[in-house]
Amino acid sequence: MSTKKIIIDCDPGYDDAVALLLAAGDPSIEVLAITTVAGNQTIGKVTRNALRIAKLTGMDNVTVAMGASRPLLRGEVVVAANIHGESGLDGTTLPEAEFRVDPRPAAQVIVDTVMREPEKTVTLVPIGPLTNIALAARLEPKIVERVKEIVLMGGGCHIGNIRPMAEFNIENDPEAAHIVFEEKWPITMVGLDLTYQALATAEVKARAAQIGTPVGQFLSDVLEQFSKTYKRSKGFDEPPVHDPCAVAYVIDPTVMRTRKAAIHVEYRGEYTSGMTVVDLRKAAPPECHTQVALELDRDRFWTLVLEATERLAQQYKK
């Protein structure tokens with residue numbers, strides 16, 4: 001079976017951690033690089049988390065590159081410590097890892113990787129603010145034609161979570177998001193309309209707790225801590241685990257229903273900055289390069305996550 005080559009651009013983060021577990025444990029995925037961007041926490045903290053997760057999941061040899069520490073045009077990044085804690089992964093246990101990253105900035109690693117691999121074989125999976133992706137597209141415009149597709153977690157058709165109509169990743173750097181969405185590469189937006197269906201229910205958490213071993217325990221801790229902070233911060237009884245939904249789509253696009261639609265990012269509005277404007281009024285034109293995920297097969301999604309974690313757990317039994 002041929003593998004699907006991906007670059008994960010992330011800001012770990014509880015749900016980013018689950019996305020990395022899923023990518024590491026699914027045999028159909030080959031992670032070419034992990035790039036980091038400030039978002040859920042500052043760039044140093046999320047990069048440290050990425051390195052430690054890579055060590056836990058056996059991705060020690062995957063290139064890890066540190067990216068943007070702030071948005072393209074706006075001030076300092078506004079982190080989500082109320083959800084992810086001061087470390088980005090409060091309440092979890094990870095192995096220590098040397099802070100050793102590629103000397104190139106993340107945008108350069110993205111460009112170099114896409115240009116090195118055969119055309120239309122690399123999928124970009126951004127699950128944080130889109131700063132690094134925008135920088136890469138400006139650094140080397142040829143990558144727009146070379147990537148297979150972009151599958152991103154961000155945005156929403158009808159709802160936001162930071163502003164009434166703005167989701168965190170897009171709102172964090174709307175100018176970067178505008179650049180990314182206006183380029184003509186194929187984009188699948190896995191936004192809040194979809195990810196609010198990926199709830200870590202009591203049943204899911206119980207199944208995670210049964211896996212045992214360090215990697216299984218880490219998943220269990222992530223889901224438990226995420227549940228506590230989401231309940232305290234937003235009142236959710238069961239937290240939506242956003243980011244692994246994007247990886248799940250790469251693994252098996254039939255795990256969710258998508259619809260082609262024109263998508264544009266508002267970055268100038270006083271009340272709407274960060275809004276993803278999705279036109280669902282009519283059928284998208286033939287040249288439309290964007291689509292939005294709308295409906296999730298919850299059982300299949302969580303089966304993918306838990307089976308990937310179980311595969312990773314086997315390394316501790318050898």
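Since this is a predicted model, take the numbers as computed values, not measurements. Residues take their numbers from the sequence shown, with the count starting at 1.
Checked by atom type and distance alone, the side chain of D9 never pairs as donor or acceptor with a backbone atom of I133 at under 3.5 Å. When atom types are taken as modelled, the side chain of T276 and the backbone of G155 share no donor-acceptor pair closer than 3.5 angstrom. Side-chain N or O atoms of W185 include one that pairs as donor or acceptor with a backbone N or O of V180 at under 3.5 Å. Without hydrogens or angle criteria, S273 side chain to G269 main chain gives no donor-acceptor distance under 3.5 Å. Of the possible polar contacts, none joining the R138 side chain to the I179 backbone as a donor-acceptor pair under 3.5 Å is found.
A salt bridge does not link R146 to E140: none of the charged side-chain nitrogens sits closer than 4.0 Å to a carboxylate oxygen. A salt bridge links E175 to R74: at least one charged side-chain nitrogen sits closer than 4.0 Å to a carboxylate oxygen. Between E96 and R48, at least one side-chain nitrogen of the basic residue sits less than 4.0 Å from a carboxylate oxygen of the acidic one, meeting the salt-bridge criterion.
Checking T123 against K5 by side-chain atom types alone, no donor-acceptor pair falls below 3.5 Å. Looking only at atom types and distance, the side chain of T188 has a donor-acceptor partner in the side chain of Q291 under 3.5 Å away. Side-chain contact, N132 with T35: no donor N or O sits under 3.5 Å from an acceptor N or O. A donor-acceptor pair shorter than 3.5 Å cannot be found between the side chains of T201 and E238. A donor-acceptor contact under 3.5 angstrom links the side chains of D173 and T131, judged on distance only.
Residues L223 and K205 are in side-chain contact: their nearest non-hydrogen atoms beyond the backbone lie under 4.5 Å apart. In this structure, the side chains of L21 and L312 come closer than 4.5 Å at one or more pairs of heavy atoms. In this structure, I127 and L152 have side chains that are not in contact, with every pair of non-hydrogen atoms separated by 4.5 Å or more. Two residues are said to be in side-chain contact when any heavy atoms from C-beta on lie closer than 4.5 Å; T92 and Y14 meet this criterion. For the pair K45 and E86, the minimum side-chain heavy-atom distance is below 4.5 Å. Side-chain contact between L194 and L294 is absent, with no heavy atoms from C-beta onward closer than 4.5 Å. Residues L192 and N161 meet the side-chain proximity criterion, which asks for heavy atoms closer than 4.5 Å.
Here the closest heavy-atom approach between residue A68 and residue I43 is recorded as O-CD1, 3.6 Å. Scanning all heavy atoms of the two residues, the minimum distance from Q41 to G85 falls at NE2-O, 3.1 Å. The shortest non-hydrogen separation linking I263 to F181 is CG2-CE2, 3.6 Å. What you find for L280 and A261 is that their closest heavy atoms are CD2-CB, 3.8 Å. Closest non-hydrogen pair, A137 versus V144, comes out as CB-CG2, 4.4 Å. When all heavy atoms of V125 and A246 are compared, the pair lying nearest together is CG1-CB, 4.0 Å.
In this structure, I53 CD1 and L20 CG are separated by 5.0 Å, a value rounded to the nearest 0.5 Å. Taking CG from N40 and CG from L89, the interatomic distance works out to 9.0 Å, rounded to the nearest 0.5 Å. Taking CD from E167 and CG from N172, the interatomic distance works out to 9.0 Å, rounded to the nearest 0.5 Å. The distance from the CD1 atom of I150 to the OG1 atom of T290 is 11.5 Å, given to the nearest 0.5 Å.
Remark: H242 pairs with Y196 by the ring pair (Phe, Tyr, Trp, His ring centres under 6.0 Å) rule, at least two apart or across chains.
V62 and V18 fall within the same hydrophobic cluster, where Ile, Leu, Val, Met, Phe, Trp and Tyr residues are linked whenever their side-chain heavy atoms come under 4.5 Å apart, directly or through other members. Cluster membership for L199 and L296, using ILVMFWY side-chain heavy atoms within less than 4.5 angstrom, is not shared. The hydrophobic clustering, which links ILVMFWY residues whose side-chain heavy atoms are closer than 4.5 Å, places V255 and V204 together. At a threshold of 4.5 Å between side-chain heavy atoms, the hydrophobic network of Ile, Leu, Val, Met, Phe, Trp and Tyr places M256 and V241 in one connected group.
Environment of NZ in K148: sparse, with no more than 12 heavy atoms of neighbouring residues, nucleotides or ligands closer than 6.0 Å. No more than 12 heavy atoms of other residues, nucleotides or ligands lie within 6.0 Å of CZ in R100, so this atom counts as exposed by the packing criterion. The local environment of CD in E119 is crowded, with over 12 non-hydrogen atoms from other residues, nucleotides or ligands closer than 6.0 Å. Within 6.0 Å of the NZ atom in K142, the count of heavy atoms belonging to other residues, nucleotides or ligands does not exceed 12.
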